[in-house]
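Worth saying up front: this structure is predicted, and the values here are computed from it rather than measured.
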Amino acid sequence: MGSLHVLLAHRVLDHIRAEGLPAGHHLTEQSLEPVLGTSRSPIRGALAHLAAQGVLVPRPPRRGLFLARDAAEMALAEDLPGAPAEERAYLALARARLAGELPAVLSESEAMRRTGLARDALRRVLARAAQEGWIEQRPSRRWSFLPMIDGPEACAESYALRAALEPAALRMPGFAPDPAVLERLRAQQRMLAEGGVFRAGDAELFAANSTFHESLATLSGNRFVLQMVVRQNQLRRLVEYRAVLDRGRVRHQCFEHLSILDRLMADDRDAAARLLEGHLVHAGEEKVRLLRRAGGSAETTKETP
């Protein structure tokens, strides 16, 4: 099984957990195309990998693959062999980079020494980091780190940009509030607010949050707005990995998301934009305060608005 298929399989798991999908849910290549942003062939390989691990099962006489158990159960289980070691290695590299312990250019041999992973496993980890936008491959088995949100000043700048951009996107002439998208977001946020936030893993919560903001950007009809929002999510993902997740605060943010969605579903875009701006301004102020208080500490209290 290729590294791309394994990487996509983990992203499918993130999607399953973030959406709170129930046992028996039918996962199709077509439904995953917009989620994964890739063609059906690699998605087919990822689904086959999950089926081999028992995460998905066939249900004759129906065609296709179905979830073997609820997303809530998977959030508490070790779903794929080897995943914990690779996940630990991924987080260790992220934290080491944030702490300034790694050079701007990292060789695969040095990364293998630090993580204890074999080359194939390491490349899956690095491929995931590259996909999330904080490292890129260079010749001769070397990897170069990209700029990231790595402290309070960069965090303040990021939130200032988001607070200006994301509410403005809701007011754009091309904004088209798709009822199906809004209802899907609402169901996801309600599931989290009603207790799912305490069952989901950190990566799933981040994925659900990113989906909320990126979906609203998509509805703006402006591809460049979406590009900016996606990039900011990629950059802020890394600083989240040095933090301790405050799930009570994340739950409060889910209720704020629901209020924004309620205004959009009532076709009151201006009120939704005001709520979104307040949501981002307050979150930015709190995140910067926590980062400054933590100083060089490896852990802060995490929020994911």
F255: partners by ring pair (Phe, Tyr, Trp, His ring centres under 6.0 Å), with sequence neighbours left out: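 Not a single residue meets the ring pair (Phe, Tyr, Trp, His ring centres under 6.0 Å) criterion with F255.
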Going hydrophobic residue to hydrophobic residue with side-chain gaps under 4.5 angstrom, can you get from [X] over to [Y]?
X    : Y    : value
I43  : L21  : yes
L93  : F145 : yes
L170 : L185 : yes
V225 : F212 : no
V288 : V281 : no

Do the side chains of [Y] and [X] get nearer than 4.5 Å, heavy atoms only?
X    : Y    : result
L117 : R124 : no
S210 : R236 : yes
L126 : Q137 : no
L226 : L219 : no
P58  : L65  : yes
V12  : H49  : no
I16  : L27  : yes
L192 : V250 : no

Does atom CZ of R138 have more than 12 heavy-atom neighbours from other groups under 6.0 Å away? no
In Å and rounded to the nearest 0.5 Å, what is the [atom1] to [atom2] distance from [X] to [Y]?
X    : Y    : atom1 : atom2 : result
Q189 : E256 : CD    : CD    : 11.0 Å
D178 : L264 : CG    : CG    : 12.0 Å
D70  : H25  : CG    : NE2   : 12.0 Å
T28  : E33  : OG1   : CD    : 8.5 Å
Q30  : L32  : CD    : CG    : 10.0 Å
L161 : Q232 : CG    : CD    : 5.0 Å

So, are D270 and R274 salt-bridged, with charged N and O less than 4.0 Å apart? yes
Any side-chain donor near an acceptor of the partner, N209 and Q253, under 3.5 Å: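 Distance-only check fails for N209 and Q253.
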Shortest non-hydrogen separation from [X] to [Y] and the atoms involved:
X    : Y    : value
A121 : E86  : CB-OE2, 3.8 Å
E166 : V229 : CG-CG2, 3.9 Å
P167 : R162 : CD-O, 3.4 Å
A118 : M112 : C-CE, 4.4 Å
P177 : L182 : CB-CD1, 3.9 Å
A129 : I135 : CB-CG2, 3.4 Å

Backbone of [Y] reached by a side-chain donor or acceptor of [X] within 3.5 Å:
X    : Y    : value
S220 : N222 : yes
R263 : D268 : no
T218 : E214 : yes

Report the relative orientation of the aromatic rings in H213 and H257; use parallel for angles under 30°, tilted for 30 to 60°, perpendicular for over 60°. perpendicular
Taking the six-membered ring of F175, is the NZ or CZ of R269 close enough (under 6.0 Å from the centre) and on axis enough (within 45°)?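 Not satisfied by the 6.0 Å and 45° rule.
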Enumerate the side-chain hydrogen bond (donor to acceptor under 3.5 Å, both in side chains) contacts for residues 101-111, please, sequence neighbours excluded, ordered by first and then second residue. S107-S109, E108-R119, E108-R123, E108-W143, E110-R113, E110-R114
